[in-house]
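Letters A, B, ... are given to chains in the order of the sequence lines, protein chains preceding strands, and every chain is numbered from 1. In what follows, every heavy atom counts, from backbone to side chain, and hydrogens, waters and symmetry copies are set aside.
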Amino acid sequence: MSELKEQLKAQIIEQLNLEDINITDIADDDALFGEKFGLDSIDALEFIVLLEQNYGLKISDPSEGKDIFYSVNSLADFIEKNKN
Amino acid sequence: MKIKAICKIDSNEIIVNEQVVYYNNSSSTDWKKIAYQQLNFDYPKFHKMDNLSKLAVLGVKYIEQAVDFSSFKDDEINMIFANKNSSYCSDIKHYTNYTKNNLVSPADFVYTLPNILIGEIAIMQKWYGENNFFIHDNFDMNFFLNQINLYFCENSKYCIFGWIESNEEEEKAIILFLEQDNKSNFDFNRLNNYL
Amino acid sequence: MNNIYITSGSCITPIGNNISSTKNALKNNLSGIKLHQEIGFNSEDFYVSKIDKITDNRFFSLLNLSCIELKNNCPSNILNSEKTIVLVSSTKGDINNFPTNPFEKIGPFLIKNLKLKNDPIIISNACISGVVAINHAAKLIKSNQFDHVIVFGIDIVSDFVLYGFQSLFALSNEITKPFDKNRNGINLGEACCSIILSKEKINQKYHALYLGGSSSNDANHISGPSRTGEGLYRSIIKTISIAKINISDIDYISAHGTGTIYNDEMESNAFDRLQLSDKDINSLKGYFGHTLGAAGILETIVCLFSMEEKLLFKSLGLENIGVSKPLKIIPNNFSKDINYVLKTASGFGGGNASLLLKTLNNEN
């Protein structure tokens, strides 16, 4: 699970062009859409692409995303629960 | 019309008012990132922008080193831009995404309109002025001045004008900060070769 | 008094293949929006509004049809005049032939087709292109550079744009419902229309006076509007001032009304701030879909229909209003003498634009 979380952090940084941020800057329970990372509505949609491209998981309603993308923890939980 | 400041950008250097303010002496292809870092301007959104918007934003920020924009009202400066290839650098990304990579990225798609660069400038500077984008075959200052002049009025005598190109061969931009001035007789066609 | 007259030139849309048939379709509340199967990125079905009769080389076929109608409606001495120039409003041009430059053939095509003396000017400013182009045309005339300016607006439905909007979750899964509480997105549409601005009253059926227009950026977000509608608010204030009228003089508003949650909410906020909540208002997107670069031209032509026929068209798609501020949305076609019409537009990049028209009376 912690390997998945590190992998997710790297993918998030790359997919969202978070140039000045390292994996160590993202805590597992950090609110991804809080003040710290300056993410916006387009970034939320990019998470949907990330999940589909990297984990084959489809989200058809962006409003579901709010809970799933809350933090790296919630993302990892979602992936673990749905990976098969 | 008067030129208050002029910025020329290409992958080798950035020149403001004929002085080199940034010189690309690294072998890094990400010269725009280094030019941004040199500005000491903390704006993480920069990294999400496409090439066209990055060039435009760099132009405005480097010009800001020569002009105090805070002295202007928030709708006093019009934003008029032009190029030949529209948003090619983002168009090709989006097109390649769905034709070759079997994906569609919303972050790439939102930049597939040339006027988005104006939006990025407006957001960064909090400018509410008039804005327009022309697609034109070549860098022809005479033509552009004719259009820019039409937007000057009592409440807005200034314009940021830019010609910004980003494609596979090259990236270049020229950005002018202009002021309405009926007495000036500067020959703007001289600039056609400056680019 | 230096009047600027505005009149329709051509109107090729999914509900009519000329000015007259488009107007009749509007009267009958016909929509061009239909379910198209398997057109989505993963072969989903989507509602779009397409023009059936154009098949190959769709962009230039559409532009050609529009030119044919324009040539029937506009005297050739005006088309071929040195004092005439053409503007083209388009967001993506001939995008179906990408990566070939989607705009480079437009000018030469029009010069040849219409025998123009001046190179056309192309404006690409997202969904506000049409209104901005009309405003730009008026400025060209006011500056005495030209006596006549013909403004084309054109965009076609394409995979490029459809897939992109799909990735933004901006496409509705049903027919668009502007301002409705159950609205959930846009339907893409296509059209090519032309409108003529002139110092002279060209002998056309649908005409009005152009009084003024402006644009203003939200300075907020590149793909979502300002919550308070700041850019639209400022644009309308500026437009009213240029037109030298009072807000209360406005009789009818042709809104942008795309059917997205955010756009329609933003417009209601802007109109409320301006005390326009009690003005008759509609969105035309339920008839044509969102025709992007053509929208400003097409929907302004529909304003001309309304003014000449003294008839306001039902805002298609509305069942129950679902925006925070009150709006007097037109529930069914009804007759009304209208004098001052406000047309608005908003688009990606945070642009907002508006223009003001006045009905011609005997004095003009």
*Report the C-alpha separation of B:L150 and C:K142 in whole Å, then their side-chain angles, then the decisive distance to 0.1 Å, and conclude whether the side-chain contact (heavy atoms from CB on, under 4.5 Å) test is met.*
CA-CA 9 Å; B:L150 300 173; C:K142 272 200 199 129; over 6 Å; no

Contact origin within [X] toward chain C - heavy atom pairs under 4.5 Å:
| X | result |
| --- | --- |
| B:L103 | backbone |
| B:Q147 | both |
| B:T99 | neither |
| B:N78 | neither |
| B:N102 | both |
| B:F109 | side chain |

*Name the region of C:F165, side chain, backbone, both or neither, that has any atom closer than 4.5 Å to a heavy atom of chain B.*
both

*Go through the atoms of C:F103 and report whether side chain, backbone, both or neither lie under 4.5 Å from a heavy atom of chain B.*
side chain

Counting heavy-atom pairs under 4.5 Å with chain C, which one of [options] comes out on top?
| options | result |
| --- | --- |
| B:N97, B:I135, B:N146, B:I116 | B:I135 |
| B:G129, B:A107, B:S105 | B:G129 |
| B:S87, B:A122, B:C153, B:A82 | B:A122 |
| B:E120, B:H136, B:M124 | B:E120 |
| B:Y98, B:Y111, B:Y95 | B:Y98 |
| B:V110, B:T112, B:N131 | B:N131 |

Contact listing (chain B partner; [range]; heavy atom under 4.5 Å):
| range | value |
| --- | --- |
| residues 215-225 of chain C | C:S215, C:S216, C:N217, C:D218, C:A219, C:N220, C:H221, C:I222, C:S223 |
| residues 127-134 of chain C | C:I128, C:V132 |
| residues 227-239 of chain C | C:E230, C:R234, C:K238 |

*asked:* Checking side-chain hydrogen bond (donor to acceptor under 3.5 Å, both in side chains) between C:N101 and each of B:D137, B:N167, B:N85, B:D91, which is the one that passes?
replied: B:N85

*asked:* I'd like to know which of C:G350, C:S214, C:S143 tops the heavy-atom pair count under 4.5 Å against chain B.
replied: C:S214

_Residue selection (most heavy-atom pairs with chain B, distance under 4.5 Å) from C:G164, C:G93, C:G349_ = C:G164

Does atom [atom1] ([X]) have a neighbourhood of more than 12 heavy atoms from anything else shown, all under 6.0 Å?
| X | atom1 | result |
| --- | --- | --- |
| B:E170 | CD | yes |
| B:F72 | CZ | yes |
| B:F186 | CZ | yes |

*Please report the closest heavy-atom contact between B:V104 and C:S167, naming both atoms and the distance.*
CG1-CB, 3.5 Å

*Stepwise, does the side-chain contact (heavy atoms from CB on, under 4.5 Å) test hold for B:N149 with C:K139?*
CA-CA 10 Å; B:N149 253 322; C:K139 290 180 201 294; over 6 Å; no

_Closer than 3.5 angstrom, by distance alone: can the side chain of B:K84 be matched with the main-chain N or O of C:E104 as a donor-acceptor pair?_
no

*Using atom types as modelled and distance alone, determine if a side-chain donor or acceptor of C:N125 lies under 3.5 Å from a backbone N or O of B:F134.*
no

*Supply the atom-to-atom distance B:S86 OG to C:I95 CD1, rounded to the nearest 0.5 angstrom.*
7.5 Å

*By number, which residues in residues 156-163 of chain B have some heavy atom less than 4.5 Å away from chain C?*
none

*Would you sort out whether C:N135 and B:E130 count as a side-chain contact (heavy atoms from CB on, under 4.5 Å), showing the intermediate values?*
CA-CA 11 Å; C:N135 291 339; B:E130 293 261 356; over 6 Å; no

*Below 4.5 Å, heavy atoms only, C-beta onward: do B:F143 and C:D119 meet side chain to side chain?*
no

*Quick one: do the B:H94 and C:Y163 side chains pair a donor with an acceptor below 3.5 Å?*
no

